[in-house]
Amino acid sequence: MADSKSVQIASLFRCQLRYCEFCHWRDSRRIFRKYFRRLLACVDEGYRLAILTLTIRNLSSIRSQDYDRLSQNLKMFFQHDLFKQHVYGGLSRIETTFNDNRQEFHPHIHIIIAYRACISQNEIKAVWKALTADIEDYEPSDSPAAQASSRSTWIKKIEFNKSNPARIRKAIRGALNYVCKFNPIASPEAFANYYCATNGKRLVRAYGGLRRRFVRALDNQWPLS
């Protein structure tokens, strides 16, 4: 038996960077725990849920200003009358993937929205086109693609049976995991570009009712499981 006095405890080092797969997972769980209950509360109040994806054209390099502009466009997106009338709130994440074959970055935004009334695809496209008019003159397409050369919009309703609580939880869990998923960039040069462009940026934001303080009072009313 080893002498207890000779036993040493090594501390587990955590870099606490979102670019690390381990630390990204920890941060994702924090987001999950915070918004899982809030989305359950929205469903309980009669709201429907959907995942909305917005993209811009692929870029050969990315800058800090590109993410500032995307954040500003997203803020204006939720401030538009079309969404103020129909959307209760949203949880968004700016995600970036890299195509090594084409040497292109693919910035895009995934949003879980809670809404009362449906918004047509054409109306969403028109708003996003107007907000990103300074980027390019391409027409937005109807669905996103990793190789997209132009802006696109896509919305899909999160399906679940309201009479089945387990199905509701499963659907919300799947949506949050999709938005918070980890996307590593293997190319060292591309990763360095991405790191410099996003360092210090808030890539996850809540809007409307999902971020207001009064919603926090609901956080303890819905269990995580």
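Here the structure is a predicted model, which is why all the values come from computation and not from measurement. FYI, side chains are in, hydrogens and waters are out, and symmetry mates aren't considered; it's all heavy atoms of this structure. The first residue in the sequence is number 1, and the count goes up from there.
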> Locate the shortest heavy-atom distance separating R48 from A117; write the atom from each residue and the value.
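Heavy atoms of R48 and A117 come nearest at NH2-CA, 3.8 Å.
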> So, do S28 and F182 sit near enough that their side-chain heavy atoms are less than 4.5 Å apart?
no
> Parallel, tilted or perpendicular: which describes the rings of H80 and F83, with under 30° parallel and over 60° perpendicular?
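Rings of H80 and F83: perpendicular, as their planes differ by over 60°.
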> Can you tell me how far CG of L59 sits from CD of Q103, rounded to the nearest 0.5 angstrom?
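Between atom CD of Q103 and atom CG of L59 there are 13.5 Å.
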> For atom CZ of R116, decide whether the heavy atoms of other residues, nucleotides or ligands shown that lie under 6.0 angstrom number more than 12.
yes
> Could you report the tightest heavy-atom contact between L210 and I112, atom names first, then the distance?
CD1-O, 4.4 Å
> Between C180 and F32, is any pair of side-chain heavy atoms under 4.5 Å apart?
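Result no, sub-4.5 Å side-chain heavy-atom pair not found.
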> Would you give the length of the straight line joining atom CG of L54 to atom CG of L131, rounded to the nearest 0.5 angstrom?
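The CG atom of L54 sits 9.5 Å away from the CG atom of L131.
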> What pairs meet the salt bridge (Lys or Arg N to Asp or Glu O under 4.0 Å) rule with one or both residues in residues 71-96, with sequence neighbours excluded?
R93-E95, E95-K181
> Would you say V204 ends up clustered with W25 if hydrophobic residues are merged whenever their side chains have heavy atoms under 4.5 Å apart, either directly or through other cluster members?
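No, because W25 and V204 fall into different hydrophobic clusters, even though each may have its own neighbours under 4.5 Å.
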> Are any of the side-chain heavy atoms of I56 and W128 separated by less than 4.5 Å?
yes
> Answer yes or no: is there a side-chain heavy-atom contact under 4.5 Å between E189 and N193?
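E189 vs N193: side chains apart.
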> How long is the straight-line distance from CG of L74 back to OH of Y207, given to the nearest 0.5 Å?
3.5 Å
> Answer whether the closest heavy-atom distance between the side chains of R169 and F160 falls below 4.5 Å.
no
> Just verifying a value: how many Å separate L49 CG and C42 SG, rounded to the nearest 0.5 Å?
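So the gap between those two atoms works out to 6.5 Å.
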> Check this for me: E21, atom CD, are more than 12 non-hydrogen atoms of other residues, nucleotides or ligands nearer than 6.0 Å?
no
> As an exercise, state the distance from CD1 of I119 to CG of L82, rounded to the nearest 0.5 Å.
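The distance works out to 4.5 Å.
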> Ignoring hydrogens, what is the shortest heavy-atom contact between S92 and I111? Give both atom names and the distance.
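Smallest heavy-atom distance, with atoms named: CB-CG1, 3.8 Å.
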> How far apart are the C-alpha atoms of N183 and T96, what are their side-chain angles, what is the distance that settles it, and do they pass the side chain to side chain contact (heavy atoms under 4.5 Å, CB included) test?
CA-CA 8 Å; N183 285 306; T96 305; over 6 Å; no
> Quick check: is F105 connected to F191 through a chain of hydrophobic side chains (ILVMFWY, heavy atoms under 4.5 Å apart)?
yes
> Decide yes or no for L176 and L91: does some side-chain heavy atom of the first lie under 4.5 Å from some side-chain heavy atom of the second?
yes
> Which residues satisfy the side chain to side chain contact (heavy atoms under 4.5 Å, CB included) test with T198, sequence neighbours excluded?
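Testing T198 for side chain to side chain contact (heavy atoms under 4.5 Å, CB included), a comparison that skips the adjacent residues, returns R18, Y19, Y67, Y194, L203.
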> Using atom types as modelled and distance alone, determine if a side-chain donor or acceptor of D66 lies under 3.5 Å from a backbone N or O of R63.
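Checked: pair present.
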> Looking at every heavy atom in both G46 and K162, which two are closest together, and how far apart are they?
O-NZ, 3.8 Å
> Under the criterion side-chain hydrogen bond (donor to acceptor under 3.5 Å, both in side chains), which of N99, T55, N58 is the partner of H106?
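Single side-chain hydrogen bond (donor to acceptor under 3.5 Å, both in side chains) partner of H106 among N99, T55, N58: N58.
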> Let's go through K156 and T53 carefully: what are the C-alpha distance in whole Å and the side-chain angles of both, what is the deciding distance for side chain to side chain contact (heavy atoms under 4.5 Å, CB included) to 0.1 Å, and is it a yes or a no?
CA-CA 9 Å; K156 181 180 180 181; T53 300; over 6 Å; no
> Could you pull out the closest heavy-atom pair between F98 and S187, with the gap in Å?
CE2-CB, 4.0 Å
> Please walk me through it: do Y178 and I158 pass side chain to side chain contact (heavy atoms under 4.5 Å, CB included)?
CA-CA 12 Å; Y178 176 72; I158 299 175; over 6 Å; no
> Roughly how far, to the nearest 0.5 Å, is the CZ atom of R173 from the CD1 atom of I168?
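That separation rounds to 12.0 Å.
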> Just to verify, what does S64 make a side chain to side chain contact (heavy atoms under 4.5 Å, CB included) with, not counting sequence neighbours?
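Here the qualifying residues are D68, K201.
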> Which heavy atom in E104 sits nearest to a heavy atom in R102, and how many Å separate them?
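Here E104 and R102 meet closest at OE1-NE, 3.1 Å.
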> Do K157 and C118 come close enough that some side-chain heavy atom pair is under 4.5 Å?
no
> Does the side chain of N73 come within less than 4.5 Å of I109's, by heavy atoms?
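They are not in side-chain contact.
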> Should we count NZ of K170 as having more than 12 external heavy atoms under 6.0 Å?
no
> For D27, which of H24, R29, R30 qualifies under side-chain hydrogen bond (donor to acceptor under 3.5 Å, both in side chains)?
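Between D27 and the candidates, side-chain hydrogen bond (donor to acceptor under 3.5 Å, both in side chains) is satisfied uniquely by R30.
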